[in-house]
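All remarks here apply to the structure that follows.
Fair warning: this is a prediction, and the values are worked out from it, not measured in the lab. Every chain is numbered from 1 and lettered A, B, ... according to where its sequence line falls, protein lines coming before strand lines.
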Amino acid sequence: MTLVHDPPAFASPTDPPPPSLERIWTSKDSGPIQFVTPDGELTDLGAEYGVDRALAQTLYRDMARARRLDHEALALQRQGELGLWLQCWGQEAAQVGSVRALSPSDYVFPSYREHAAALVRGVTPGELLAQWRGVSHAGWDPGPYAFHLYSLVLGTQTLHATGYAMGSLLDGADDVVTVYFGDGAASQGDVNEAFNWSAAGNIPVLFICQNNQWAISTPTDVQFRAPVHQRAAGFGLRTFHVDGNDALATYAVTREAAAIVRRGEGPALVEAETFRMAGHSTSDDPSRYRTETDLATWQARDPLLRLETVLRSLDTRASYFSELEEELERLAVEVRRACRELPDPVLDQLFTHTYVDPHPLVDAERLAYRKFVELMSVED
Amino acid sequence: MTLVHDPPAFASPTDPPPPSLERIWTSKDSGPIQFVTPDGELTDLGAEYGVDRALAQTLYRDMARARRLDHEALALQRQGELGLWLQCWGQEAAQVGSVRALSPSDYVFPSYREHAAALVRGVTPGELLAQWRGVSHAGWDPGPYAFHLYSLVLGTQTLHATGYAMGSLLDGADDVVTVYFGDGAASQGDVNEAFNWSAAGNIPVLFICQNNQWAISTPTDVQFRAPVHQRAAGFGLRTFHVDGNDALATYAVTREAAAIVRRGEGPALVEAETFRMAGHSTSDDPSRYRTETDLATWQARDPLLRLETVLRSLDTRASYFSELEEELERLAVEVRRACRELPDPVLDQLFTHTYVDPHPLVDAERLAYRKFVELMSVED
Amino acid sequence: MAGSPTAPPETAASTTMTLGRALNAGLRRAMREDDRVVILGEDVGALGGVFRITDGLQRDFGKARVIDSPLAESAIVGCAIGLALRGFRPVCEIQFDGFVYPAFDQIVSQLAKMRARSGGRLSLPVVIRIPVGGGIGAVEHHSESNESYFAHTAGLRVISCSNPSDAYRLLRSAIRSDDPVIFYEPKRRYWDKGLVDLEASPASLDRARVLRTGTDLTIVAHGPTVHTALAAADAAAEDGFSVGVVDLRTIAPLDMETLRRCAEKTGRMVVVHEASTFMGIGAEIAAAVTEGCFSVLRAPVLRVGAYNLPYPPAKVEDKFLPDVDRLLDTIDAALSYRGKART
Amino acid sequence: MAGSPTAPPETAASTTMTLGRALNAGLRRAMREDDRVVILGEDVGALGGVFRITDGLQRDFGKARVIDSPLAESAIVGCAIGLALRGFRPVCEIQFDGFVYPAFDQIVSQLAKMRARSGGRLSLPVVIRIPVGGGIGAVEHHSESNESYFAHTAGLRVISCSNPSDAYRLLRSAIRSDDPVIFYEPKRRYWDKGLVDLEASPASLDRARVLRTGTDLTIVAHGPTVHTALAAADAAAEDGFSVGVVDLRTIAPLDMETLRRCAEKTGRMVVVHEASTFMGIGAEIAAAVTEGCFSVLRAPVLRVGAYNLPYPPAKVEDKFLPDVDRLLDTIDAALSYRGKART
Ligand SMILES: Cc1ncc(C[n+]2csc(CCOP(=O)(O)OP(=O)(O)O)c2C)c(N)n1
Ligand SMILES: Cc1ncc(C[n+]2csc(CCOP(=O)(O)OP(=O)(O)O)c2C)c(N)n1
Ligand SMILES: [Mg+2]
Ligand SMILES: [Mg+2]
């Protein structure tokens, strides 16, 4: 095991600053920033930054919780309790490492696979599953978590984040409005408009692209020629490229990116290289388009195993792991319970959810609906 | 006057190749490629490339014709003969230099201000004015000129060009499908989707961005943070940046870019720096948003004057200029005549222009229209 | 048109102004009353928009609140959504009707649905102003009438103003509304003048207005065709027919109460709009009025709209646009039905 | 449903297959017959599309003709336009109904208008396939019924298939047509089986089909609701009413001849669709049929559609979707009008 700082080097203001992690794009790309190798060894850069034990434990716990939730949700879907589930398996470090590097009040616009990030922000399992059980379109109130509803129309949320950040600027706040999207979504016009608009207006948005190598069956080489961070640099964003299965590196990189944005130096982008270990969704059949070898390669880069190795090499107390194991069991129970207890939606209520002000047509249709329901109940 | 090759250096296959004009983007941008200074002096690079007298004469004539047409069209608009006119004044070199560097069979998708390019391709003055007189939406048949209809919804044509080029590839042709768009249009999602799609698929499209510094009243610094050629490089396009008021440089740069595309090395982009000397259109009032100083600066960079100085320094025969002057007079007469002779459209005919196959609703409506017209003529 | 039914009662604060200036006054007033109101769009700043509707607002309220945007409609609406989520009340300008389509997803899937998706937790007070319709001799894509698309989209309100007074009052109400509003401005009427009471209360967003009462037939119009409808009613009066005119003002929701009342009274109705007849708002009005008033209708509700063709070149637009003659021809057809009401 | 009126006559080439397989067979046949036919869309290659409609086509026709695209709908349609200009016949797949909106401008301003803009010189034989409608328990944006938008757009044809045989024949016709076609596939019927005659001639793109004749009332349906309409007609028959069913097949243009003939025969008509009632195709049918058959209608043309709300979460979609009960309730209402026809 190489050099370990505990507490971390970057926590001390007297130490010389560590090297910047920003990726100035040049034609020879030197690869994503990595602090920990797949085998759990610190890289030179990782060693220079050092490991904050408390942070590492937090990130590991976050990831373990996310993986457990993901696993339970999958089982619930197979049992017919959920209509659909999109696994975040494999992407835990990319999400947890990035969202933990923000201030809790930084408003986050997720895509639809950010379950790990959602859990960190406090969204409850029941709230998280509601949409996939088909009882609502969005299970939580975004305000208290500073975590927006999932967006299923790809890339649209990047513009919402940009507008929200414009508002933050108008309000004189120093938020880092953060938005997640995928390698596939990056091909949408909206995402590129958001890059351009935020760069031109110097809007404080932090873009986090989880490049999980696939958009359903479409690999990234069909999706783009140059990596997304290079593209973003072309728009004038500050850009970072990180091993997204390395939670510590993702944390440090996002921290640096967020600081740039918070200082008002403009928008930034982090491209996190990761992998979607499961199919696109529980409806997908990935065997039609990708090989077991792919999977094995990325299995060897598992974000949890990697950080576990680091923690063990730091002589983390056994109780940390055993307590976490118990917590995960409780979480699993909670996930299953919360899912089954989700109340079914009531169509009648939806008539009040579409407009704020009274709406004669909706009122008339609700009346007709009620009459119809009454009629049916009489006929029964 | 500095060194002049006549015939040009690059015309001879035995000479060593001149330096590449490609712009590999780095954080320090060395500015657009220039062959001729605003004062008409050859730059070092210009001298190295040399001047092809015949080419220079062709380009100058092309530009002079375009400016004259533009001028006449403006007058016609002021007289009420055209509903609207969008001047290309100031952008003649960017258009003529680029379109002349293509093979005449390379299909071109213009935006809506490419009158100079249109004239080069043989579109007649009457065909060019038809749309602005309000007698049709498109005055010419694109096929024979390999020059598509104007596109008024900004940026949409970049995708049409990309699809056309996909078809060219499928057909095994070696066309360089070329598309023009502006600095403003570059902010549209469609344009960025076209960059990405063509780069990912290695599609033979040549993008030509005429950066004329304005999109109606919006200056480029509101539009984007980084220049369009830098952005395109980020997508993985081969990119060029040229002084678009320098016809010779624009020609050489476009030639190199087109060769790359034709060799199947992927899409390329030329950003030509130029200036919209007039208002956005005859309805615009540029005094609301820009200064006389701006105008004066760019007046001094006039593309015609610049090439005229080169031609005169090459001892171009006086008859060249005098014959051209006569030609321009004839053109002016032709423009005025063609405009006034454009036949008014007939609504009845439009009923056959929307669908190829018979369409009962359109047929019924045409019948109703005819009955109504008959009724009105009886009542009169 | 002094004393016309479109003119509001005159008060101390009444001024004669064009429809365009009335909109400018409405925006100014809204910005003064609520500093969360921001404007964004292409060329809305120094230029004041291509129709000068935002004239002087950037000068008076600053670049932070009157935002010249990059040229990207999807981003204009998408960012307005973000601004609204942050507590602002954005008013977007779309430069011309034909350029709203790049923003279509942001409007119909995002703006319209976000409140319902959130279970009623979020609201998006966004106004999208669109100069609409033909008649100004414009080139293609500058004369579209696309209200049907938005009217069919649950979650939006669609407003159409026809005169300076309504323009002022409806725009203020649209900005105050917590629902997203598509706000249509009849571009060929921007220069029409009328009396505007600057102190009048904001108008209701779900009421049509009966501009003229009649007993034989009702014309239903909105935006640019209200003027045409009034002229046709005048002409019909000369022929001895009493024809009423309803200005919809709100296209979604429709004010069915007013429409049914008029249909009951006159037994005959003609709807006129610039959009294609096929699937135009006239279809909905005809279907709904017929459903509500079947027994009292003496003729089918007839429609006058555009033909099922893309908007034609300027030189034939006068033949394409519903005009007084076509309207009168259709009124004749409606009146020529002999049948009595079934009641 | 053996012997159901949707089944075509059996021939040597008849095979039973699902609607999804019939579409696959239609695409395969079109690609074999014309090497200018190319397919493009998200995941249409190795995966065969999320509904497997393009299953095996990339394997058999190669990556050049079955093109996995980047994830960008506007580009899919925009590039299809370019391909068509170059002489190809592209068939685009939009993955789900709710994802067509980013392509809206390319569809309504570019694809629909380019022929008219060119003065009839150009033609764009592009087909846009869209799996449509609800009923599969999907998450939001995956159950939209957006035919109204395209039906209102001059320059497009809008087709909706309801059974395997039509799916096969209409898709082939759509690909052969030189006009742009929006081709709707009822996603909850993809697994419905039926007999398909692989040698049957391509179907007309402007004819509805009378699936069942009746004398008391006609139900008009298309796509996924045709099945519902047939079931309702069965149920009504048990109550002693003779109810006919028309499958529109073409939404734009409508086959008014067939619709008017049925309305004249039965005097009563109910239209059912999954799209919102307000401004749905039912409005146009009601307006146009009433205009054409005013004197013979015994009741107003009534409509059964979605409420004016965004599509709800999956667990209530069965209450939201027009079902047999709501249809029967509306049929009751139509039958309860006492009035005679005016003739
Ligand atoms: C506009 C749009 N088009 C298509 C889809 C269908 N779709 C859902 S997810 C997906 C792939 C997304 O890939 P990526 O952005 O890489 O995210 P990932 O699923 O890998 O997390 C597609 C095509 C969609 N949701 N939205
Ligand atoms: C999608 C769309 N939005 C808005 C417009 C209105 N419009 C026409 S030209 C123009 C400015 C275009 O600027 P640029 O692309 O730089 O081209 P230039 O006019 O300078 O040649 C605008 C906003 C349009 N035509 N299309
Ligand atoms: Mg992905
Ligand atoms: Mg420009």
Determine whether a donor-acceptor pair (N or O, by modelled atom type, separation under 3.5 Å) exists between the side chain of [X] and the backbone of [Y].
| X | Y | value |
| --- | --- | --- |
| B:Arg231 | B:Ala186 | yes |
| C:Arg303 | C:Thr277 | yes |
| C:Gln110 | C:Val108 | no |
| C:His273 | C:Gly282 | yes |

For this output row, return yes or no: ring centroids of [X] and [Y] closer than 6.0 angstrom.
| X | Y | answer |
| --- | --- | --- |
| C:Phe96 | C:Phe51 | yes |
| B:Trp132 | B:Tyr112 | no |
| C:Phe99 | C:His142 | yes |
| B:Tyr180 | B:His148 | no |

Is [X] close to chain C through its backbone or its side chain, or both, or neither, when contacts mean heavy atoms under 4.5 Å?
| X | value |
| --- | --- |
| B:Tyr369 | both |
| B:Leu152 | both |
| B:His280 | neither |
| B:Arg133 | both |
| B:Ile216 | both |
| B:Ala130 | neither |
| B:Thr354 | side chain |
| B:Val362 | side chain |

Tell me whether the rings of B:Trp214 and B:Tyr289 are parallel (<30°), tilted (30 to 60°) or perpendicular (>60°). tilted
Can you tell me which of B:Tyr355, B:Phe372, B:Phe224 forms the most heavy-atom pairs within a distance under 4.5 Å of chain C? B:Phe372
With a 4.5 Å cut-off on heavy-atom pairs, point out which of B:Gln188, B:His137, B:Glu365, B:Arg366 contacts chain C the most. B:His137
Salt-bridged, C:Lys63 to C:Asp68, with N to O below 4.0 Å? no
Does the pair C:Glu317/C:Arg188 count as a salt bridge with the N-to-O cut at 4.0 Å?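 No salt bridge links C:Glu317 with C:Arg188.
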Pick from C:Val316, C:Asn308, C:Val50 with the largest number of heavy-atom pairs that fall under 4.5 Å of chain B: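 Result: the option with the highest number of such pairs is C:Asn308.
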Between C:Ser74, C:Gly45, C:Ala46, C:Ala138, who has the most heavy-atom pairs with chain B when the cutoff is under 4.5 Å?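 Among C:Ser74, C:Gly45, C:Ala46, C:Ala138, the one with the most close pairs to chain B is C:Ala46.
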Side chain, backbone, both or neither: which part of C:Pro312 has a heavy atom under 4.5 Å from chain B?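 For C:Pro312, backbone and side chain are both near chain B.
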Under 4.5 Å to a heavy atom of chain B? For C:Asp329 that would be side chain
Do we get C:Arg326 above C:Tyr307's six-membered ring, with its NZ or CZ under 6.0 Å from the centre and within 45° of the axis? yes
Looking only at heavy atoms, what is the nearest atom pair of C:Leu328 and C:Ala232, with distance?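 Heavy-atom minimum between the residues: CD2-O, 3.5 Å.
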How about residues 281-288 of chain B versus chain C: which residues have heavy atoms under 4.5 Å apart? B:Asp284, B:Asp285, B:Arg288
